[in-house]
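All chains are named by letter (A, B, ...) in the order of the sequence lines, taking the proteins before the strands, and each is independently numbered beginning at 1.
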Protein chains: 2
Amino acid sequence: MMDLVTDELRSDILVGRFEPGDRLLEMPLAEQYECGRAAVRSALVALTSEGLVDRAANRGATVRRISVAEAIQITEARSALEGLIAAEAARHATAADHKELRSIIAKMRDSVGTEGAKEYSRLNGLLHRRLCEMSKHEIAAELVANLRNRAAHHQYRLAIMPGRAEESLEQHAAIVTAVVAGDPTGAAKAMHTHLHSVIDVLTRWGDA
Amino acid sequence: MMDLVTDELRSDILVGRFEPGDRLLEMPLAEQYECGRAAVRSALVALTSEGLVDRAANRGATVRRISVAEAIQITEARSALEGLIAAEAARHATAADHKELRSIIAKMRDSVGTEGAKEYSRLNGLLHRRLCEMSKHEIAAELVANLRNRAAHHQYRLAIMPGRAEESLEQHAAIVTAVVAGDPTGAAKAMHTHLHSVIDVLTRWGDA
DNA sequence: GTCAACAGGATCGTTGACAATCTGAACACT
DNA sequence: AGTGTTCAGATTGTCAACGATCCTGTTGAC
């Protein structure tokens, strides 16, 4: 029960059921998840370590608000780590993995014009997540997953930017091409250019 | 009191007061730190999120044991992140920072032949930590600090290897030279070669 | 009208006791 | 001897209540 509450609360924060700045009162959460205050406290401690929750002594917890400046730093760190992941994925990916990656890119290409940004965003997340798994680099994968969670809100705002999908599609395709070619340094470089283009958008966002 | 216990327990694990595999029973720890079981539980949850403690449901917590393979992955992730940090440090370091870095290198050079590996290891840690602070990159610095903690045990075994200090001294000097020169890509590269030499040692260690 | 002191409410932090679960050993059975 | 079973001990998970702390709105003096 204890770990379940942690997962549910994290999930509820990530999907926006709780927004940045919202207070996370122990008693109401205990009722909502049908558990005791102890389980909620445990979850809040864990999510604080993960950087998703702010906690002040005797003043309670809130959903952590990530500034644009922080989102940029998070993306910079992701760039460093996902470069490593892309390189390792290029080394370890199997033929079946190659097929799956190409299939994801194809679906992304389909969803660009037709459907809303939601499907493209889902495929985007799926691609990055599968690359993490293929890299067999558990440490880097865990850190990247955490960073992605922290900036989830900004990622979403970025995904619905007009024209953004077209731009990022080619970058994603370049990453997959390098991984399929078994080119570690090429894959890392492609990942860097992709995430640095994200940083560019965030920077312009911060100035405005 | 609650957060204090977390810090004390983490510190006790890092300095080896508890060794990998040791059980962390709630009741004895509560007596040792003169607090209630709740505070200990809270600390165990937090340290589990940090990767320092293993917890199995209803079976208690132990100090996490890091294999050589994991230590290698940790160092690879550090290489990616500290490359970023070295580059940012090269951008942001002030004249006073340059002076301090050169002073640390000088002290390292002194301690190589004369004193035991303990002083060199201390300066090594200090150098990396100061670079993290100078980079002004809080996100990367936090992640690196965590990774360093996770592999603390292996770092220590590595530090007392004969001849290791001489080899790593020149690598550290190269990093500082690039940072002082305000050369971000050079600093990142120097950091990469340094940490990849650490990975080499760990790899030979793993084979043996 | 402004500011400090104060009381009330809300919320967290801590404690102690109880329930649930796991571990290991003793024991019966084949 | 080997295997399955039962039971006691140890340890964690959960709960309810109490005390401590902080925020808010009000009161009163100046």
*Worked check of salt bridge (charged side-chain N to carboxylate O under 4.0 Å, His left out) between Glu26(B) and Arg41(B)*: CA-CA 7 Å; Glu26(B) 295 182 359; Arg41(B) 286 180 68 77; 2.9 Å; yes
*asked:* Around atom CD of Gln32(B), are there more than 12 heavy atoms from other residues, nucleotides or ligands closer than 6.0 Å?
replied: yes
*Distance only, no hydrogens: is a donor on one side chain within 3.5 Å (strictly under) of an acceptor on the other, for His128(B) and Asn124(B)?*
yes
*Partner of Asp54(B) under salt bridge (Lys or Arg N to Asp or Glu O under 4.0 Å), chosen from Arg59(B), Arg65(B), Arg64(B), Arg23(B)*: Arg64(B)
*Should we count OH of Tyr156(A) as having more than 12 external heavy atoms under 6.0 Å?*
no
*How long is the gap from CG on Leu4(A) to CG on Leu9(A), to the nearest 0.5 Å?*
12.5 Å
*Indicate for each nucleotide in nucleotides 5-10 of chain C, in 5' to 3' sequence, whether protein heavy atoms under 4.0 Å reach the base (B), only the sugar-phosphate (S), or nothing (-).*
------
*Does a side-chain N-to-carboxylate-O contact under 4.0 Å join Arg10(A) and Asp7(A)?*
yes
*Does Ala188(B) offer a backbone N or O that forms a donor-acceptor pair with the side chain of His192(B) under 3.5 Å?*
yes
*Using a heavy-atom distance cut-off of less than 4.0 Å, which residues of residues 41-62 of chain A contact DNA chain D?*
Asn58(A), Arg59(A)
*Taking only heavy atoms on the protein side, list every residue of residues 26-40 of chain A lying under 4.0 Å from any atom of DNA chain C, sorted numerically.*
Glu26(A), Arg37(A)
*Would you indicate whether Glu138(A), at its atom CD, is surrounded by more than 12 heavy atoms from other residues, nucleotides or ligands within a distance under 6.0 Å?*
no
*Do we see a donor-acceptor contact under 3.5 Å between the side chains of Asp97(A) and Thr94(A)?*
yes
